[in-house]
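Below is one structure, written out as structure tokens; comments come after it.
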Protein chains: 2
Amino acid sequence: MAGQKKDGKAAPDKTLWERLEQPAAPRASLSLERIGAVAVQVADAEGFAAVTMRRLATELGVAPMAAYRHVSGKDDLWALMAERVAAEYRIPDELTEWREVLHAYALLTRELMLRHPWVGELPTALFVLTPGRMAIAERQLAALDGLGLDEDTMMVAFRTVSAYAHGAVSSEVAVREWTQSEGWSSGAETRMGLAPQMTYLMDSGRYPTYRRYGLRSRRKDDATWMFETGLECVLDGIAARLGI
Amino acid sequence: MAGQKKDGKAAPDKTLWERLEQPAAPRASLSLERIGAVAVQVADAEGFAAVTMRRLATELGVAPMAAYRHVSGKDDLWALMAERVAAEYRIPDELTEWREVLHAYALLTRELMLRHPWVGELPTALFVLTPGRMAIAERQLAALDGLGLDEDTMMVAFRTVSAYAHGAVSSEVAVREWTQSEGWSSGAETRMGLAPQMTYLMDSGRYPTYRRYGLRSRRKDDATWMFETGLECVLDGIAARLGI
DNA sequence: ATCTGGCTGCGTACAACGTACACAGGTAAT
DNA sequence: ATTACCTGTGTACGTTGTACGCAGCCAGAT
């Protein structure tokens with residue numbers, strides 16, 4: 001009735017996370033570990049869109065349908081990929097001050113998302129509910145613990161930094177990928193390539209302030225400075241408003 | 001040589017944005033306007049994935065390939081969709097204080113992304129480079145103008161708020177869509193449905209602070225409060241650090 | 001009137017995708 | 001030796017994006 005037997009697919013009774021932790025089956029050439037690793041590898045090398053079940057299969061030296069014994073489909077696959085990235089977070093144990101921890105978290109987020117530019121294309125829900133994400137949240141909440149904040153406020157602090165980091169980096173990555181795809185390698189080159197369309201828009205006179213910014217800003221292309229300055233604002237605000 | 005003639009596709013010489021502003025061709029049953037409108041409609045009603053070229057065609061009462069005369073493919077289509085949402089931003093002219101403007105922008109972002117939950121699935125580059133987005137940026141930069149900030153700092157202020165808003169709402173939407181897809185309608189119901197997997201993770205003892213948070217937090221499910229509190233932090237931080 | 005050229009929409013066609021389903025080979029328990 | 005399960009295979013279907021050539025139509029030139 002409830003528990004289907006017979007020729008089901010990827011062992012249904014257990015969560016993906018349980019199966020992931022369990023030691024790989026003895027006489028199996030595939031494992032969640034290996035599948036996830038290859039998926040990340042392909043995405044890093046050729047972009048998120050290159051991660052297809054068939055591509056994975058050839059990369060794993062296996063028939064197209066083989067992976068389905070281990071993952072339910074692309075959903076599981078994405079979850080594995082998200083989990084692998086989450087596992088790369090390494091916030092040093094020495095850091096104890098809440099601000100240091102949140103700061104390190106944000107910089108790490110940027111680093112990882114630049115290293116794995118496809119992360120922004122994953123379904124966003126995967127940034128909340130996997131064990132790896134929960135471990136990261138745990139680390140941050142622990143750093144905010146004992147400061148006299150109530151639980152709601154702690155959660156706001158932690159989520160605010162996450163939201164900023166994720167939002168900022170995903171737009172940075174998008175712009176970077178786009179300019180790369182157009183073959184522009186510097187800010188100057190980009191502006192050159194963009195000039196024709198830009199002229200049309202700018203000459204409309206609709207964006208005077210934006211235009212002045214474009215002419216006068218010097219750090220426009222310094223993504224690191226932009227990100228870190230914004231981050232300091234966010235952390236200042238948390239400190240000020242929450243009185244910590 | 002350069003300018004291809006013959007049976008090309010969607011009028012190549014002009015930008016999508018130029019063509020969008022141009023009055024619709026006289027004897028054409030399709031127009032960029034109409035295509036964009038229908039795409040948004042379908043996405044609102046049935047999700048981003050339901051927006052396929054074929055679905056659009058039937059919705060427009062036209063053959064599958066017809067739309068390709070107007071848009072180059074899905075890229076253009078997504079751009080049209082992004083632009084339509086951008087056009088829904090209405091920051092009242094009465095607002096002049098930078099903080100009011102940025103605050104209104106953030107709340108509007110949340111409102112629009114909740115109304116069009118598929119926005120988070122659009123390629124992120126579309127949040128930067130369309131005329132509508134530039135108009136929004138212009139409005140914000142104008143509000144930050146004349147406060148004695150240099151252009152770099154103005155840009156940081158504006159981008160920080162955008163990053164927070166976008167990041168916060170996209171995770172809110174993701175969670176909301178996911179719980180809806182599981183058929184849970186309240187926070188309590190969600191926790192109930194999640195219990196089996198949650199138990200596995202929580203019982204591992206790896207997330208003590210997280211667990212305590214889960215037990216004690218009262219506003220956990222109040223997304224509005226979470227968003228607005230975080231936003232106030234961000235705005236406070238900008239005000240403090242930038243001295244405005 | 002007739003011709004001509006450019007739009008606009010149509011029809012066909014193809015390669016790639018996700019994945020359902022039935023099966024085969026091997027190992028382990030009986 | 002039989003059984004049952006587990007893992008990987010082969011085939012097949014429906015859906016997608018979109019390339020390509022054609023057909024009708026209107027405008028202006030002849």
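Note on naming: letters A, B, ... go to the chains in the order of the sequence lines (proteins, then strands), and numbering restarts at 1 for each one. Note that the coordinates shown come from a computational prediction; the quantities given were computed from them, not determined experimentally.
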Hey, what are the protein-to-nucleotides 9-14 of chain D N/O distances that come in under 3.5 Å?
unit_1 : atom_1 : unit_2 : atom_2 : d
D:dT9  : OP2    : A:A63  : N      : 2.6

Tell me the interatomic distance from [X], atom [atom1], to [N], atom [atom2], rounded to whole angstroms.
X	N	atom1	atom2	result
A:R19	D:dC6	CZ	C1'	14 Å
B:Y68	C:dA13	OH	P	18 Å
B:M53	C:dC10	CE	P	13 Å
B:L56	D:dT18	CG	C1'	14 Å
A:K74	C:dC17	NZ	C1'	8 Å
A:E59	D:dG8	CD	P	17 Å
B:F48	D:dG17	CZ	C1'	14 Å
B:L32	C:dT8	CG	P	10 Å

Which class fits the ring pair A:F127 and A:H166: parallel under 30°, tilted 30 to 60°, perpendicular over 60°?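 If you compare the ring of A:F127 with that of A:H166, the planes turn out perpendicular.
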
In terms of relative ring orientation, are A:F48 and A:W118 parallel, tilted or perpendicular, with 30° and 60° separating the classes?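 Correct class here is parallel.
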
Side chains of [X] and [Y] in contact at under 4.5 Å (non-hydrogen atoms):
X	Y	value
A:V119	A:V169	no
B:R211	B:P208	no
B:E46	B:R55	yes

Can a side chain N or O of B:S29 be found less than 4.0 Å away from OP1 or OP2 on C:dG9?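 Yes.
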
For C:dG9, take OP1 and OP2 only and decide whether either is under 4.0 Å from a side-chain N or O of B:H70.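 Indeed, a polar side-chain atom of B:H70 lies that close.
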
Is the closest side-chain donor-acceptor distance between A:T52 and A:R54 under 3.5 Å?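 No, no side-chain donor-acceptor contact under 3.5 Å.
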
Inter-axis angle, terminal five-pair segments of the helix from C:dA1-D:dT30 to C:dT30-D:dA1 [nearest 10°]: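 Computed angle between terminal axes is 10°.
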
For the backbone of B:R176 and the side chain of B:T179, can you confirm whether one donor and one acceptor N or O come within less than 3.5 Å of each other?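 Yes, B:T179 side chain to B:R176 backbone: donor-acceptor pair under 3.5 Å.
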
In a check of side-chain contact (heavy atoms from CB on, under 4.5 Å) between A:L102 and each of A:V234, A:V161, A:L231, which one passes?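 Only match with A:L102 under side-chain contact (heavy atoms from CB on, under 4.5 Å): A:V161.
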
Minimum heavy-atom distance B:D221-B:G187, with the two atoms named: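 For B:D221 versus B:G187, the nearest heavy atoms are OD2-CA, 3.7 Å.
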
